[in-house]
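Positions are given from 1 along the sequence. Remember, it's a predicted structure, so these values are computed and weren't measured experimentally. One-based numbering, in listed order, for ligands and for the atoms of each.
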Amino acid sequence: MSERFSELAWMLREMGIGPLWRRRNGQGGPTTDAIEGQAQAKAPHGVGVLPPARQAAPRGAHAPDAEAERAEAIDIAALDWAGLESAIRACRRCKLAATRTQAVPGVGDRKPSWFVLGEGPGEQEDQKGEPFVGPAGRLLDAMLAAVGKRRGEGVYITNVVKCRPPGNRNPEPDEIAACRPWLERQLALAAPRLILAVGKFAAQTALGREDTVAGLRARGGPCVLAGSTAPVAVTYHPSYLLRTPADKAKAWEDLQRALALTGGDSSGCTASPPQQD
Ligand code: URA
């Protein structure tokens, strides 16, 4: 087995997807390298609250006046990547600034094909200043690798909110609204071909629709955030998939759809259709 093939097989196994087939001379048609690992069944989906489209950043108790004035004075549309990242790191537009260790702007290729949008930093991300570095990040990396993508190479990763919600609670509508201008500027600078929204909050924010992940992933649509009209592909959040591995098969389908939208192939490998219970 080639090194690349073994690597891919491992990543698919991480996702609970398989078996993996190697194309013969890139012509398609399965050969013998089958790797076991099946995904099964279904799981419930949550319903969430769609943040208001554009809402003034909350101020007051959490943003001392001088700082709030400075933040308001920034011409976000004029910021380059470096300016944007330092503005995000200094941001005090919402109450999350009071409890974070640091803001987590994003990581990766600044002219990406895929723009991966998560929910918000967790504990490890808050400590390290990089998105998706904990267990969910390991699964996200495996998901990306399974379709021939790698963090930092053609992929940019960020979150709807750049600061950790305490105790990993869900981000609140005012926090999502306060962070939205940063996200919109990131999208304008990155100009991705596709936005992969992972989880409910990312999908609702990018699509501007209040629905379950199941509903949103079925339809996708254009991004409603200023800064991009790229198509939005929706899949389950890796943290959810860690708790509900049966839905990894659906995530695999989502990734294949996303890949097709950007005209890619998964490096000569295809997985067999996932089994359903
Ligand atoms: N979950 C997210 O949504 N984002 C992270 O950066 C880490 C975990």
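- With a 4.0 Å heavy-atom cut-off, ligand 1 is reached by the side chain of Glu125 but not by its N, CA, C or O.
- Scanning the protein for heavy atoms near atom 4 (N) of ligand 1, the closest one is Asn159 OD1, 2.7 Å.
- Residues Phe132 and Val104 have side chains not in contact (no heavy-atom distance under 4.5 Å, counting atoms from C-beta outward).
- Here the protein heavy atom with the shortest distance to atom 2 (C) of ligand 1 is Gly120 O, 3.1 Å.
- In the hydrophobic cluster analysis, where Ile, Leu, Val, Met, Phe, Trp and Tyr join through side-chain heavy atoms closer than 4.5 angstrom, Ile88 is grouped together with Leu183.
- Cation-pi check for Arg185 over Trp81 is not met; the charged atom does not lie both under 6.0 angstrom from the ring centroid and within 45 degrees of its normal.
- Numbered from 1 in the order shown, with element, the atoms of ligand 1 that lie under 4.0 Å from a heavy atom of Gly118 read 3 (O).
- With hydrogens and angles left out, the side-chain atoms of Lys162 and Gln102 include no donor and acceptor closer than 3.5 Å.
- Residue contacts with ligand 1 include His237, since one or more of its heavy atoms lies under 4.0 Å from the ligand.
- Remark: ligand 1 atoms within the under-4.0 Å shell around heavy atoms of Pro131 are 6 (O).
- Between Ala136 and ligand 1, a contact under 3.5 Å exists for no N or O pair.
- A cation-pi contact links Lys149 to Trp114, judged by a cut-off of 6.0 Å to the six-membered ring centre and 45° from its axis.
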